[in-house]
Amino acid sequence: MSFYQLIVNAKWESWASTLVYLPEIVLCLTIVILLLLRLPRWGSRISSLGIALVGSVIAFVLSIPFETTAEANPEAATTAQPVSLLQEETSPNPPDIEASSEETKAYKQPGDTIFSGLIVYDGLTIFFRQLLILFVVALLILMGLTGIPDRDSGADVFTLILGATVGFSLMVSSNHLLIAFLGVEMASVPSYVLAGTLKGRRIASEAALKFALYGAGAAGVMLYGMSLMAGALGSAHLPTMAENLAQLTANGVDDRQLVLFLGGLMILVGLAFKLSAFPFHFWCPDVFEGATAEVDAFLSVASKAAAIGLLLRFAIGISGVPGEPIEAPAAVAQATSTEEAKNTFDILAISQTEATSLTFAAQADQEKTKLEEKPVTDPDSSVVPIQDLIVFLIGLMAALTTTFGNLAAYGQTNIKRLMAYSTIAHAGYLMMPVAAAVALLSKDQAGAQEAVASVVVYLIAYFFMNLGVFAIIALLRNRIRSEEIEDYAGIVRESPGLVVCFGILMFSLIGLPPLAGFLGKFWIFAALWEAGLITLLFIGGLNTFFSIFYYLRVLKVMVLSPEPDHRSPAAIPIISWPGLYVAALTVPVAILLVFWEPIRVYSLWAAADLFQ
Amino acid sequence: MVESLIENWGFPEWMAYLIAATIPCVLLLHVVAVGALFFIWLERKVSGRIQDRLGPTRVGGKYGWLQSLADGVKLISKEDLVPAGADSWLFRLAPYISVSCCLAAYLTIPFAYGWVAQNLDVAVFFVLAILGLEVFGVILAGYASGSKWSLLGGMREAAQVVSYEVPLGLCVVLPVMLAGSMNLTTIAQVQSGWFTSWLIFYNPFLFVTFWIFFTCALASVNRAPFDLAEAESELVAGFHTEYSGLRWSLFFLAEYGSMFSVSALAVLLFLGGWNGPIPITSWIGWTFEYGWFWGTLGNFVGLANFIFKCSLGIVLMMWVRWTLPRLRIDQVMTICLKYCLPLVCLMLLGNLMWPWIAGPPSASFVQKRYEAYQHLHPEPTTETEADEETTAESNSVAISLPQQVNEKQKVVLTTSSTTDSSLPLQTN
Amino acid sequence: MDNILWHSVFFWAFAVITCGFAVMVVLSDNIVRMAVALIFSLSGAAGLFLLAGADFVGAMQLMIYVGGTLVLLIFGVMLTAQGPFISLKAGSGDWIIAVVMVGLSLAMLLPMAWSVPDWHGPAMGASETKTTKQTALQEEAEADQETVVVEHNVSVTEIGLSLVGVRTDLNQEDQESGQLPEGYLLPFEIVSVHLLVILIGAAYLARAKRPRKPTKYP
Amino acid sequence: MFTQPIGVAHYLVVGAILFVCGIVCMTTKRNTIGILMGVELVLSAAILNFVAFSQPAFRVDQEASLGIDGHVFALFAIVLAAAEAAVALAIALNYYNNHSTIDVDRAQDLQG
């Protein structure tokens, strides 16, 4: 291949990839605009919150995948154009274009990798991206309501939030160790600064310091593990690594066991730190207490979601290699899943009044989305021991994390510390289906898909629950200047609407039946049951029981205890912007069960590409 | 060299290696040491003339040319003091760090075509990195002295050098971009011929960049008007307040040594290296094409040329020092971050756009670039049937300037793309 | 004496520098001495990079790591120093923990490093899998490893091209298999955004709160 | 010792020693900047591994070396480490402004 063709290939690849990478690019542009607006004198009159909001809303709109047929998309023609222009000059076509006779291959579709294999663009990526960007939109609105970054520091804080979001999106879509590391760094380093947003406060600076030091250490260990893994497997590209690993184990060459084990363990340490899983959770309560409630929401939802995404990519990417390539069924599934994309998004886009009628259509399509009931990996394949090891490690960590988080939450008097331990516990619940998915790889492809889909559902529920709780904490902090649980005493008499919302969110966090938390948890437990991880299921159930009491204790203080005398008035009526914001987050939690079917279809679609 | 020592002279291998390593080291040491003596004398003369006096006149005859040697003897014979409150280990170590970094930078600087101790592929980068390390000597000296003047001087130096490394690095990118290599020999060889082919005259952007480079280089070697670290009007003598004797003189050796090395860098990157304003040596046939002897002769001329240009650069530095007043620390930072940095970014953009304005680089430039590249990577090309000229041109264009492929070159590339199966790139 | 490999000699020299000063970083009580030891250790590592044929990475290490990051660290020491020379003594309990940790981790990591025969160097590989090419290479390596390393030197051009997405180092079959090799355009571009964000974040924390009214600076 | 060619394993041993030193430094030092130095050592160890893995002349099975991937990874690791250090230092300075110390043991307002 000539040098010139290489350039043409690279150009084509980056151009086609850029089109589906637009949301992140818009976020980056917003950062630059926020920076440049400080230069001119009139720039300070423009609200930085507004710019950040507009940027993230545009990014969210762009993250909805556009039409996937060449005729329907005018942009596809422009995409293909540079390639065809160059083709006239060079007689031999670049191999990729030559391979695909149809024009439809000229741009990226869900399921492809973009940027020459560095990033996966599939259902899971699309889901995480939408979740994260939507979260940023919601968070920015919350910040506008509570006014925590003041005028001076607004632009800085929003820049950090948007920058971290780009990092999160890299993490969840990474197909290469370099991207994973880059994503982790891009996500965590701005988070360290965010933890110290209120830079004049002693505890805020202490929180930032602890976060930064532990985080830097964890990142170092993770990089060392990555170097060992990449070196032992001869590549840093995840699919290639998985192939090489399968080959190594199949050949019975076991001299690299120790290297691989240590490398994998060190990567797991880094991920566990991001997830605040049990032995590496110690930063979490301190940072949550020191940082503001808004930043806590960011750390507990976005950061955890991205870390779970990366864990999924690693765990399934490294061990989900088929024993032999499945030719025909995979192609069929690919076709249906891309078709499904449109349907699902139609459902989500169209207003919810029509949802009931559309549910039938979705139900009809559901059979197509479901993958066939066959194992991804051959049951006697050489990767099965590796899968078992991964299941054991993640399962053990999940069990310990959940139990520890729930037990340690009991003694807390500060609501943010309590929520920190609650976050730890939920990270444990989120890790359970990952273990289940890996365990099901060698048994049942559809089951593994269900397990991953349960992560998706749980994250959707978790998004509303945790953001709602932290929003209430932030709003109450602005009124009563306290975050101690005892200061919440009898607050129901001043703002009953808010406490009702808080109650609903708390019940949902426990996982009581009609609420969103129940939906997610039920599905996770179903996946565990199917995977045969009965012990883990039992621990999860037991922990749900544990968690009832400390959540309800907060509610009890709010409702039953008498009001203290010295407290400043805390009334937040539900018919006000803050009240409506909280209500808007609570309503989906309450009624998510109604939309069981669309969510189920959507989550299954998001999970389907992972097993192609 | 090692092979010839073993085969022709019968040395054992280890001794051959030792000799081959010693010769460049000794030569470079002499360049630095003798150079420093000479330039210290020169500075005293130049400053004298600028201030309308004579400077040294006694030692060594009419011009006082032995003055710095006498000073050196005096400094060596002085007592080596370490203050009681100092961190003695670091205090003793600091001057050696400065000097050894200064010397290490010379390893990759070519003095004439092929006369370089270590022909590194990343020479430009390496020199910059090593010069950046020199700051540690100053910082440690400032810290370990246990005196607040020294500490303030050290901190100023740290802030200044770290900031100025940024525009300095960006300035270097422009010539590197044009030559398509970070090897200093290649960059200098690209500018062979008349002085119009020096990179400073390549386009207006490079002309401006040269002066930015010169300013930043002044700051990075801590010369006036950027000598905040030793500002004697405020800080007594800054980082070397507590030093005396040999260690004190080592700092000055390092200062003059790095003055020479940054000015050598400027000459190599912008002023044609050893290639003179007029290509006399190639007219009279003193090149390697006509054999080893004539090439060496030509190299001596080039060496003289190179050293003369470097000296001019140093005289310019002295001129600046004795003319301009010292800046305040905030002014130093303002110049770096508010003026130099945006300006050099602008120059970088302009240089990228230049082919749109003035068309692709001339054929002779491309040819020279290709030859310089070939010299570095002498690979037997397997292709025989292809038109040698065209392939050479297109390859080197594509290698060095993939972002500047414009219409004309594209055609050239297209015609040759079917035949260039062995790019000079694929050395593995 | 004649079969000494100079490459190996220099490797050991740099390895001793790197490890020795790394140990000094741990043992030293004075924070600035720690920093100096770290400078030497990391510079030694840069020497190892150059020996491994990674010229560009070595120069980067010297420039960014040693010349940038460490200057910053020392700067930080000076800004936060209270006494003239900061000394930090670790308690004996800490030392016991440290010794146990060193023992445990070295007991794991050193056998790990030697566990793969392929990695022992070109001369000591598993003998049954050798091809003729490998044997030739082995002999060559025994003769003069430096030449072999230099032959495999990755040039800056190749790294630079891979950063804009063009891979020239892979052979033709790899590229015609349809799967493009990994070009690093995306990380190269996105890391600049990261650095911008970091710059803003660090400046935000380090600067004082902006005064309400701009004071007239004399 | 000097007559044997160098392999990846030699580099890994140096990397392992750096790694252990870094970890010990992170756990025993009480000064924030001391801890950061430990982190630098750990990162440097990882970079050393990458460089060693990407040199084909250090091993028998040349195809398994990382090649340019390793170099690029090392480069990015250096850049990211520098960025991380800058932020950590800014945070340490901010902490110092509020607490007048950078001793980690005095950071006891938050007890987890």
Side-chain angles (χ1 to χ4, degrees), chain A residues 176-178 181-182 184-186 188-190 192-193 195-196 199-228 230-237 244 259 263 266 281-290 408 417 420, chain D residues 8 12 15-16 18-19 22-23 26-27 32 35-36 38-54 61 63-67 69-70 72-74 76-77 80-81 83-92 94-99 102 104 106-112:
Chain A
H176 194 277
L177 288 184
L178 175 57
F181 184 65
L182 190 63
V184 168
E185 284 288 290
M186 278 187 80
S188 17
V189 181
Y192 306 154
V193 184
K199 56 187 179 181
R201 289 180 71 207
R202 282 172 68 90
I203 57 168
S205 59
E206 185 176 330
L209 186 75
K210 283 187 172 171
F211 198 10
L213 290 183
Y214 292 139
V221 173
M222 188 177 180
L223 186 69
Y224 193 79
M226 281 180 174
S227 76
L228 291 180
L233 295 177
S235 171
H237 184 225
N244 291 352
V259 185
M266 286 174 183
H281 65 280
F282 36 75
W283 59 273
C284 191
D286 286 358
V287 170
F288 272 50
E289 191 184 344
R417 281 189 92 82
Chain D
V8 175
L12 288 193
L18 283 187
F19 180 77
I23 294 283
M26 283 191 314
T27 46
T32 308
I35 295 174
L36 283 179
V39 175
E40 302 300 322
L41 276 179
V42 170
L43 289 170
S44 182
I47 298 166
L48 195 66
N49 282 2
F50 274 118
V51 167
F53 282 128
S54 56
D61 182 15
E63 297 299 317
S65 74
L66 282 175
D69 296 328
V72 173
F73 216 129
F76 277 99
L80 291 173
E84 194 166 30
V87 163
L89 203 67
I91 289 173
N94 183 35
Y95 181 79
Y96 178 78
N97 288 340
N98 288 330
H99 293 245
I102 50 168
V104 181
R106 307 245 183 95
Q108 283 179 341
D109 288 354
L110 301 167
Q111 277 300 353

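Below, chain A is the first sequence line, B the second, and so on; all start at residue 1. Quick caveat: nothing in here was measured; it's all calculated off a predicted structure. FYI, side chains are in, hydrogens and waters are out, and symmetry mates aren't considered; it's all heavy atoms of this structure.
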[X], part contacting chain D, at a heavy-atom distance under 4.5 Å:
| X | value |
| --- | --- |
| A/Met266 | side chain |
| A/Leu233 | neither |
| A/Met186 | neither |

Check: According to the interplanar angle, ranging from 0 to 90°, do the rings of D/Phe50 and D/Phe73 count as parallel (below 30°), tilted (30 to 60°) or perpendicular (above 60°)?
Finding: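 Rings of D/Phe50 and D/Phe73: parallel, under 30°.
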Measure the spacing between [atom1] of [X] and [atom2] of [Y] and express it to the nearest 0.5 Å.
| X | Y | atom1 | atom2 | value |
| --- | --- | --- | --- | --- |
| A/His281 | A/Asp286 | NE2 | CG | 9.5 Å |
| A/Leu209 | D/Asn94 | CG | CG | 9.5 Å |
| D/Leu18 | A/Tyr224 | CG | OH | 8.5 Å |

Note to self: Taking side chain as everything from C-beta outward and backbone as N, CA, C, O, which of these in D/Ala16 sits under 4.5 Å from a heavy atom of chain A? Side chain, backbone, both or neither.
What the structure shows: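 Contact with chain A: backbone and side chain both.
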Notebook entry, point to check: Relative to chain A, which segment of D/Ile23 carries a heavy atom at a distance below 4.5 Å: side chain, backbone, both, or neither?
Noted result: side chain
Relative to chain D, which of [options] shows the most heavy atom pairs under 4.5 Å?
| options | result |
| --- | --- |
| A/Ala219, A/Ser205, A/Ala230, A/Gly234 | A/Ser205 |
| A/Ala212, A/Gly220, A/Ala216, A/Pro190 | A/Ala216 |
| A/Val189, A/Leu182, A/Leu223 | A/Leu223 |

Check: Does the separation of the ring centres of A/Phe282 and A/Tyr214 fall below 6.0 angstrom?
Finding: yes
Notebook entry, point to check: Is there a donor-acceptor pair closer than 3.5 Å between any side-chain N or O of D/Asn98 and the backbone N or O of A/Lys199?
Noted result: yes
